[in-house]
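Here is the structure we will look at, set down as structure tokens.
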Number of protein chains: 2
Amino acid sequence: MELKQLDYFLMLTQTLHFRKAAEKLYIVQPALSKQIKSLEAELGVRLFERSQRRVQLTPAGQYFKQEVAQIRQRLEEVRNLTQLVATGEAGEIRIGYVGSCIHTFLPEMITGLTSAFPHIQLYLSEMITAAMWESVLKGELDLAFLRNPPFHESIESTLIWQEPFALVVPETSSLNETNFRSMRQVAGESFILPTRADGDAYHDLQWSICEDAGFSPQVSHETVHGHTALQLVANQLGLAILPMSFREVTTARVRFLEIPRIRQRSEITAVWDRHNPNPSLSRLLKFILEKSLPTP
Amino acid sequence: MELKQLDYFLMLTQTLHFRKAAEKLYIVQPALSKQIKSLEAELGVRLFERSQRRVQLTPAGQYFKQEVAQIRQRLEEVRNLTQLVATGEAGEIRIGYVGSCIHTFLPEMITGLTSAFPHIQLYLSEMITAAMWESVLKGELDLAFLRNPPFHESIESTLIWQEPFALVVPETSSLNETNFRSMRQVAGESFILPTRADGDAYHDLQWSICEDAGFSPQVSHETVHGHTALQLVANQLGLAILPMSFREVTTARVRFLEIPRIRQRSEITAVWDRHNPNPSLSRLLKFILEKSLPTP
DNA sequence: GCTATTAATAACTATTTGTTATCAATGGAA
DNA sequence: TTCCATTGATAACAAATAGTTATTAATAGC
């Protein structure tokens, strides 16, 4: 069975006339007769009833026609889509991100991407930074939005988003927007910091905020998740340092106090593998690099 | 693009090794190289990344593999199903029937047929006798259950069901099971008869019941549908002669009185075109002829 | 630096497909 | 009826396609 035979068959089902079908196929009638014959022989099924003066489909031929026409059309679609995939116009992109992205820049970016690239399917997963780093290197993720990536020869990156840090204190605390002037005021408190298991960098960044203020923080708990930290703070189990944007998406009984005059900011970086062969990725990156200028 | 090339492609996606794939395909490595190359050239898309030491799929190749594997499998299924259709083991049968069948033999028959021929799809339509007769001749119906078919050279038939006729009178009538002895008692009444538009035969059959009793009926209404006749009787617009089985399926305020000592019975005949090429039909008929002995 | 392994290429052969010429069957016209 | 035009099948041959063998260039591992 060959595709050519199926195409010949389909043409013959249209005309029900060997000579005319052959003409439309730019071959000669005996060639068509031979191919149809060999198709029937291979299937072991008579597809046409030829009564010297009239050609018509057998019931099996009718069924075969109907199904083969569908298959043939599908194959043509796949052919075209494959070409789109090769140019990157169609395809799949797997994206990982840390939790805070989903209440800052990410929704808008996804909206923009899906309307700019309607044939590219985005797969989104919230993950911790360390896991994303591994996944990008293994090729399991095409793109990751994470914090403070280390250097790696084959990884490229660009800063996507930044915002100030806030000190998060329980609602019951005596500190508030007006009387909080410096981290020195909380030198004696215990802190909830990001765990080192999710990479040293983010942990060290927060540590350095305290160090810059002249003290080493006492650590009561460690957690990767901002929302966990918020609940711990609300329950007076320590203070936390979080990106300011968390204020808008929590109902925890806490207060966000912007930390004044510090060099550290919460930053989200997009990272990807320089050697990633996914052709959709470069299109996406071009779009992202154009659009996303770091904002407050 | 040829099926052979797609099969070669799929094999290569399995092994990702030209020599091994060629071996499994019982061809030699350069032949495989050439076919893959020509497939890629025709698509205009590189499907494999060959780095002298390692062969791997490009993203477009991955997409193509996934889709082609499905298409190939579907084609194989269709191939096998086509063979079943040719032997009649799979297929479609279009059946027409008059209304009374659906509360007598038909449900049981359908149950039996679908369990005996799970791959044959039955399409059922309630129709009037005249329309079915036309449809069977045109090949639009494979099988029809109807009343009193005329003779036709290319139509075969068999008696499927018979039952006695009942005289249907309004509930308010003075006639009942004990005092109704003969059609002569209702010689002066007006009758609801089947319309001639649905064939003379059934009309004439009922007429003959009256004639045998020595009178020509006065016709108040004509209708093809038993349920219509029942409503007319309930509203005292005439008497009707109907197959006894209607008694079990109506809530109309009427009485069914079996007509004693008459030669006429209500008969349902299965008819089909002797030249119908549908291979499923002969299987079905064999089953039907074995099972269905006319019952009272 | 050598060897073994891998895919590509070229030249040739075998197989498949298409073409031309012809036939047998059949429906319609004379 | 007889004849003719039309149709699909068949046979012999030509063209195109696919497969084989021999060889090469590249590279990973010893």
Side-chain angles (χ1 to χ4, degrees), chain A residues 1-58 60-62 64-65 68 72 75 79 154 275 277, chain B residues 1-58 60-62 64-65 68 72 75 79 154 275 277:
Chain A
M1 193 162 57
E2 277 303 334
L3 232 41
K4 188 183 294 197
Q5 293 177 316
L6 298 181
D7 289 339
Y8 287 5
F9 165 76
L10 288 175
M11 182 62 84
L12 185 55
T13 65
Q14 301 292 105
T15 64
L16 292 176
H17 192 291
F18 277 77
R19 189 180 52 72
K20 288 179 190 161
E23 219 163 75
K24 291 198 181 186
L25 291 165
Y26 304 107
I27 59 171
V28 102
Q29 171 261 317
L32 181 57
S33 286
K34 217 199 286 183
Q35 289 297 349
I36 297 295
K37 190 181 172 184
S38 97
L39 179 59
E40 289 179 324
E42 190 188 338
L43 290 173
V45 168
R46 199 149 186 80
L47 297 169
F48 295 96
E49 207 52 70
R50 296 88 144 164
S51 59
Q52 208 68 32
R53 210 63 179 182
R54 171 183 299 147
V55 175
Q56 53 188 356
L57 281 164
T58 62
Q62 275 169 29
F64 196 61
K65 169 196 175 173
V68 166
R72 198 63 188 80
L75 191 58
R79 212 181 116 100
S154 74
H275 305 110
Chain B
M1 194 162 55
E2 278 302 335
L3 232 41
K4 190 183 292 197
Q5 293 176 315
L6 298 182
D7 288 339
Y8 287 5
F9 165 75
L10 288 175
M11 182 61 84
L12 185 54
T13 65
Q14 300 292 105
T15 62
L16 292 176
H17 193 290
F18 278 77
R19 188 179 51 72
K20 288 179 191 163
E23 218 163 77
K24 290 197 181 186
L25 291 164
Y26 304 107
I27 58 171
V28 102
Q29 171 261 314
L32 180 58
S33 287
K34 216 200 286 185
Q35 290 296 349
I36 296 295
K37 189 180 171 184
S38 96
L39 179 60
E40 289 179 325
E42 190 188 339
L43 290 174
V45 168
R46 199 149 188 79
L47 298 169
F48 295 96
E49 209 49 73
R50 297 84 144 165
S51 58
Q52 209 68 31
R53 208 64 179 181
R54 171 182 300 146
V55 174
Q56 54 188 355
L57 281 163
T58 62
Q62 274 169 29
F64 196 62
K65 169 195 175 176
V68 166
R72 198 63 188 78
L75 191 58
R79 212 182 116 100
S154 75
H275 306 111

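Below, chain A is the first sequence line, B the second, and so on; all start at residue 1. Only heavy atoms go into these numbers, but all of them, side chains included; no hydrogens, no water, no symmetry mates.
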For atom CZ of B:Phe48 and atom P of C:dT6, their distance in whole Å:
16 Å

Minimum side-chain heavy-atom gap B:Leu39-B:Tyr8 below 4.5 Å
no

Protein-nucleotides 27-30 of chain D N/O pairs closer than 3.5 Å?
residue, atom, partner, partner atom, Å
D:dT27, O2, B:Arg53, NH1, 3.3
D:dA28, O4', B:Arg53, NE, 3.4

Would you call B:Lys4 and B:Ile27 a side-chain contact if the rule is heavy atoms closer than 4.5 Å?
no

How would you label the contact of A:Arg19 with the nucleic acid (heavy atoms, under 4.0 Å): base, sugar-phosphate, or nothing?
sugar-phosphate

Do A:Gln35 and A:Gln5 get their side chains close enough for a donor-acceptor pair, meaning under 3.5 Å?
yes

Would you say A:His17 reaches D:dG8's phosphate, i.e. side-chain N/O to OP1/OP2 under 4.0 Å?
yes

For B:Arg19, give me all partners under side-chain contact (heavy atoms from CB on, under 4.5 Å), at least two apart in sequence or on another chain.
B:His17, B:Glu23

Interatomic distance where CE belongs to B:Met1 and C1' belongs to D:dT17 [whole Å]:
17 Å

Please check the phosphate of D:dG8 (OP1 and OP2 only) for any side-chain N or O of A:Lys37 closer than 4.0 Å.
no

Indicate whether OP1 or OP2 belonging to C:dA8 is found under 4.0 Å from a side-chain N or O atom of B:Ser33.
yes

Before you tell me yes or no, could you show the steps for A:Val68 and A:Thr13 under side chain to side chain contact (heavy atoms under 4.5 Å, CB included), namely the whole-Å CA-CA distance, both residues' side-chain angles and the distance that decides it to 0.1 Å?
CA-CA 11 Å; A:Val68 166; A:Thr13 65; over 6 Å; no

Choosing from C:dA8, D:dG8, C:dT9, which nucleotide comes nearest the side chain of B:Arg50?
C:dA8

Rounded off to whole Å, could you give me the CD1-to-C1' distance for the A:Ile36 and D:dA9 pair?
13 Å

Interatomic distance, B:Phe18 CZ vs C:dT9 P [rounded to whole Å]
11 Å

What does the list of N/O pairs under 3.5 Å between the protein and nucleotides 15-21 of chain C look like, with a distance for each?
residue, atom, partner, partner atom, Å
C:dG18, OP1, A:Tyr8, OH, 2.5
C:dG18, OP2, A:Gln35, NE2, 3.1
C:dG18, N7, A:Lys34, NZ, 3.2
C:dG18, O6, A:Lys34, NZ, 3.0
C:dT19, OP2, A:Val28, N, 2.8

Check whether any side-chain heavy atom of A:Val45 sits under 4.5 Å from a side-chain heavy atom of A:Phe64, and report yes or no.
no

Sub-4.5 Å side-chain heavy-atom contact between B:Phe48 and B:Leu16
yes

What distance separates A:Met1 CE from B:Asp7 CG, expressed to the nearest 0.5 Å?
9.0 Å

Tell me the interatomic distance from A:Leu47, atom CG, to D:dG8, atom P, rounded to whole angstroms.
16 Å

Interatomic distance, A:Glu23 CD vs D:dG8 P [rounded to whole Å]:
12 Å

Nearest-angstrom distance from the residue atom CG of A:Leu39 to C1' of D:dG8
17 Å

Is A:Leu12 close to A:Leu47 at the side-chain level, that is, under 4.5 Å between some pair of heavy atoms?
no

